[in-house]
Amino acid sequence: MTSPVLEPVAELAAPSRGSLSHRLRRAVRRNRVLTVGTLLLGLIVVMVIVLPFFLPSSTATDPANRLLAPSGEHLLGTDLYGRDVLSRLVEGGRASLGMAVLITLCAGTAGMMIGMISGYFRAADAILMRVMDAWMAFPGIILATALAVAFGASMWTVLTALSVIFTPFVARVIRSRVLGVATKSFIEAARVSGMGRWKILFVHIFPNVLPLAVVQVIILAAAAMLIDGALSFLGLGIAPPTPTWGNMIAEGRAYMHDAPWLVIVPGLAIIMCVYLFNLVGASLRLVVDPRSRTLSELQRLRARGQGPRRRQANDADGAEPRTGELKQPAEPIDERI
Amino acid sequence: MLGERRSNGVYIDFLQMWNKPLTVLGCPVNMCRNIDPLVDSTTGARKGILAMPLLDVRDLTISVVTDETETELVHELSVDLEHGHTLCIVGESGSGKTVTALSIIRLFEFIAPVYTDGEIRVDGVDVTTLTADEMRAYRGTRIGMIFQEALDSLNPSQRIGPQLIEAYRRPGTAPRQASRKGTKLHREADAKARSLLTEVGLPDTDHIMAQYPHQLSGGMQQRVMIAMSLMSDPDLLIADEPTTALDVTTQAEILTLFRRVQKEHQTACVFITHDMGVAAEIADRIAVMYQGRLVELGTAREVLTAPQHPYTRALLECVPQLGVRRRDGFPTISSAMLKAAVEGGDVSGVSATETVRITEPAAPIDADADTPSVVIDRVSKVFGGRSGPLARVLPPKQEVHAVKEVSLEIPPGEFFGLVGESGSGKTTLGRIVSALQPPTSGAVRFGEHRFDQDGLHGSERSFRQRVQMIFQDPQSSLDPRHTTARIIAEPLRELGLARGAALRRRVTELIDEVGLPADCADRLPSQLSGGQRQRVAIARAIAAAPQLIVADEPTSALDVSVQGQVMNLLLQLQRSHNISFLFITHNLSLVLSVADRVGVMYKGDLIEVDSPEAIRTSSTHQYTQRLLAANPDLSNYQRRNS
């Protein structure tokens with residue numbers, strides 16, 4: 001990373017100081033995608049938590065009003081038992097988002113521990129990573145099916161199966177980062193200072209790996225949500241009548257022709273959340289990882305493919321407008337970064 | 001999910017590759033347009049007027065724009081260069097020398113949002129006004145470039161031969177046309193590559209051209225780079241610190257080669273270096289840059305023997321010289337004196353250096369009876385060999401003997417210098433002495449402590465308290481997420497030497513003792529300068545009041561003037577705390593000017609231990625003599641030419 005050619009850029013990327021609110025405002029301006037994505041995701045979470053208190057019960061059946069189209073009374077219509085789809089959507093969001101978060105937490109924590117240990121203790125590495133390889137080779141859906149058949153489909157079987165599937169992915173990414181941090185001489189300096197190996201792992205390596213782990217975990221949440229949805233759809237996840245977005249789609253499938261909103265609404269909800277998770281994860285990576293930040297800035301510069309800019313005053317007095325960038329409209333400096 | 005991450009990884013890797021110099025060397029190809037750099041596209045006339053200098057830089061100002069600020073990196077620089085001559089641009093880090101070089105070949109715009117002002121005329125054509133396509137035709141064919149890291153500049157997945165051939169371009173042909181096999185151009189390029197490889201001292205061309213870059217040694221890679229930069233016979237060659245990453249003996253060979261090749265091809269050269277000794281070896285003319293400004297320009301002889309500007313003078317005084325003892329302190333550049341000298345108007349005859357006299361402690365430390373010597377007893381270290389129960393089953397690995405039966409004793413309070421080239425085993429020995437890596441055989445004894453292949457015998461805590469280490473690169477030896485105060489407090493806390501208010505008081509003392517401003521305590525390493533970072537590392541090393549400090553190249557990542565400050569600090573600490581030093585370095589001039597005794601390591605052997613004076617004047621060992629001869633040294637030049 002410290003290619004001699006890159007040094008000037010690295011210097012520019014150094015953190016500048018200022019008041020907290022000023023820094024926050026600047027961070028928001030620099031990362032519009034991240035800000036908008038996080039706000040939208042936050043909004044969804046708040047809605048899912050708060051709305052059920054104001055909506056009709058999601059389990060109240062009303063056979064007289066089954067399969068109603070969206071209207072003022074039922075904003076998103078009703079399903080085949082006459083239940084309000086909006087209520088079920090929000091309630092299902094609790095289950096689906098909640099599952100995604102739980103799976104992420106379990107797989108993230110386990111993967112983080114395994115990754116850190118195998119990255120730092122070389123002796124453990126050979127064994128742990130071979131176990132992870134074998135683990136990764138095991139088909140996840142079959143594991144989930146087997147667990148569901150053996151213990152009955154429930155939250156716990158899904159949680160176990162999906163945590164098991166995702167752990168090795170997290171572990172691999174974390175391990176590769178730990179390998180990089182462990183070669184830095186501040187790790188040796190800590191040993192010279194008399195710090196124990198486990199303490200070094202938590203005092204020096206963990207904080208330096210954490211930002212990447214957070215990014216990894218957010219992107220993991222998107223994948224967890226997708227697979228959780230698929231399992232629910234197959235009837236291997238949380239069982240009806242508790243709604244989840246996956247089993248809502250499964251139930252609505254039979255009425256796709258007459259009541260398409262039964263499938264479209266939860267489908268859109270899944271797409272939206274997965275998209276936002278991915279977006280937030282990717283843009284957060286640009287913020288926390290100096291390497292990818294520098295690289296993305298470099299990429300932007302090259303993509304523009306311009307020559308060196310010359311000052312307006314200089315251009316005015318006769319320098320012929322042959323410079324590549326002069327063909328493009330001059331853009332305000334602020335928007336370039 | 002897996003696919004997503006994989007593709008992302010490749011994407012990042014691709015971007016990283018892109019960032020390496022090799023992609024700019026391989027110059028993005030445009031097969032559709034064919035621009036002949038030698039013929040003016042509008043008039044069709046051949047460019048170039050004889051009386052004109054080849055390179056003429058006028059009032060060049062380069063600034064980089066970030067979202068809020070504009071930083072000026074180079075300010076109104078004017079230099080020129082005749083055909084076939086060498087111009088050395090000398091300066092410390094941040095002086096703008098690399099920025100200038102990259103701007104001449106217009107590569108800087110790829111790595112930073114840059115504004116330029118002024119002219120850069122190459123053979124009469126202002127390259128700052130060329131379009132991207134026209135500029136592409138200039139790179140390689142008219143302006144060649146050699147980077148510092150040869151391995152980074154060569155494509156790791158291609159053999160040397162095709163890479164050389166790719167760089168060949170005759171006027172009127174498309175870029176990379178020579179790569180097409182079976183054509184006349186390809187045969188021509190092949191012959192050219194072979195003759196150049198022979199010329200740069202790699203006569204076994206068949207073998208070399210079939211190798212991948214990583215299979216060559218650092219010196220050979222740099223030779224290949226020189227050959228490659230000459231494939232299209234450029235008029236102007238830009239070399240950015242081409243020898244900095246090499247060992248002194250290799251550096252001397254490459255410099256000689258460079259000068260010869262340049263004379264034969266009549267290529268003009270802009271040579272960037274931070275090392276005045278290298279400049280003395282190679283330059284016809286020297287330009288000294290300071291904080292983005294040109295402070296002095298003249299012939300090598302004028303600048304090196306009769307410098308006019310106080311900064312140049314100060315820089316020359318700071319360079320360690322053979323035969324000049326600096327035990328009482330190195331001169332350092334004082335920015336206040338420099339400012340005063342420049343603003344005072346009269347800049348002749350003034351120098352901006354100050355020498356701190358390192359004084360003996362008022363009360364001589366009573367030679368602690370319990371301070372033992374460090375005894376290194378027949379220590380060896382072998383890497384890569386197999387041992388244990390599986391040794392017979394698994395295929396044998398090649399063994400590397402990093403350290404071979406080295407024996408040495410360092411008495412208390414001695415400043416022992418260990419010098420050697422890369423791969424000589426000096427760093428491995430340092431790591432063994434500081435108990436970071438167990439030896440394969442032999443032992444290190446320090447009082448009641450003993451460190452051998454079974455690890456450390458005796459209390460680790462008390463050993464760590466007595467032996468500390470300073471690392472080469474302060475950027476990597478300080479945790480980027482810890483504040484200065486926390487870094488310095490680490491050994492005190494871990495070794496249980498202080499806590500609470502006493503700890504804070506001690507940290508404040510240490511910050512003051514190593515000459516850091518008090519407000520550094522709460523800063524992160526990224527907010528400090530290179531010299532300040534190394535001071536933090538030194539404060540950490542002395543925090544536990546050790547009796548021995550192993551310093552592994554503590555100044556090689558620093559500028560000369562900062563090197564002086566750090567050396568002064570180390571010397572001061574050695575006197576005031578009676579610390580012994582194992583000072584590991586590749587810089588012969590530096591170590592000979594400060595050490596009490598010097599050991600020379602070569603391929604794992606400690607071949608010689610003697611006083612600096614004896615090493616310099618009466619060494620009988622062949623390798624030491626080679627090292628001395630290769631050492632780029634200013635005093636020789638000044639003696640020869642004044």
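Numbers restart at 1 for each chain; the letters A, B, ... are given by sequence-line order, proteins then strands. The structure presented is a predicted model; accordingly, all values stated were derived computationally and were not measured.
- From A:Arg191, atom CZ reaches atom CD of B:Glu460 across 8.0 Å, with rounding to the nearest 0.5 Å.
- The main-chain N or O of A:Gly194 is never found under 3.5 Å from a side-chain atom of B:Arg461 such that the two would form a donor-acceptor pair.
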Please list, one pair per line, the donor and acceptor atoms closer than 3.5 Å that link side chains of residues 536-544 of chain B to other protein atoms, with sequence neighbours excluded.
from: B:Arg540; atom 1: NH1; to: B:Ser477; atom 2: O; distance (Å): 3.2
from: B:Arg540; atom 1: NH2; to: B:Ser477; atom 2: O; distance (Å): 2.9

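- Across all non-hydrogen atoms, the minimal contact from B:Asp479 to A:His204 is OD2-ND1, 2.7 Å.
- There is no contact between A:Pro168 and chain B, counting heavy-atom distances below 4.5 Å.
- Atom CG in A:Leu210 sits 8.0 Å away from atom CZ in B:Arg481 (nearest 0.5 Å).
- For the residue pair A:Val192 and B:Met469, the shortest heavy atom distance occurs at CG1-N, 3.7 Å.
- For B:Arg493, no part lies under 4.5 angstrom from a heavy atom of chain A.
- Near-neighbour residues of residues 176-186 of chain A relative to chain B, defined by a heavy atom under 4.5 Å from a heavy atom of that chain, comprise A:Lys184, A:Ser185, A:Phe186.
- With a 4.5 Å cut-off on non-hydrogen atoms, A:Ala222 does not touch chain B at all.
- Formation of a donor-acceptor pair under 3.5 Å by the B:Gln468 side chain with backbone atoms of A:Ser193 is not found in this model.
- Contact count versus chain A (heavy atoms, under 4.5 Å) is highest, among B:Val550, B:Asp473, B:Leu495, for B:Leu495.
- Here B:Leu478 is the residue among B:Leu492, B:Ile470, B:Val467, B:Leu478 with the most heavy-atom pairs under 4.5 Å with chain A.
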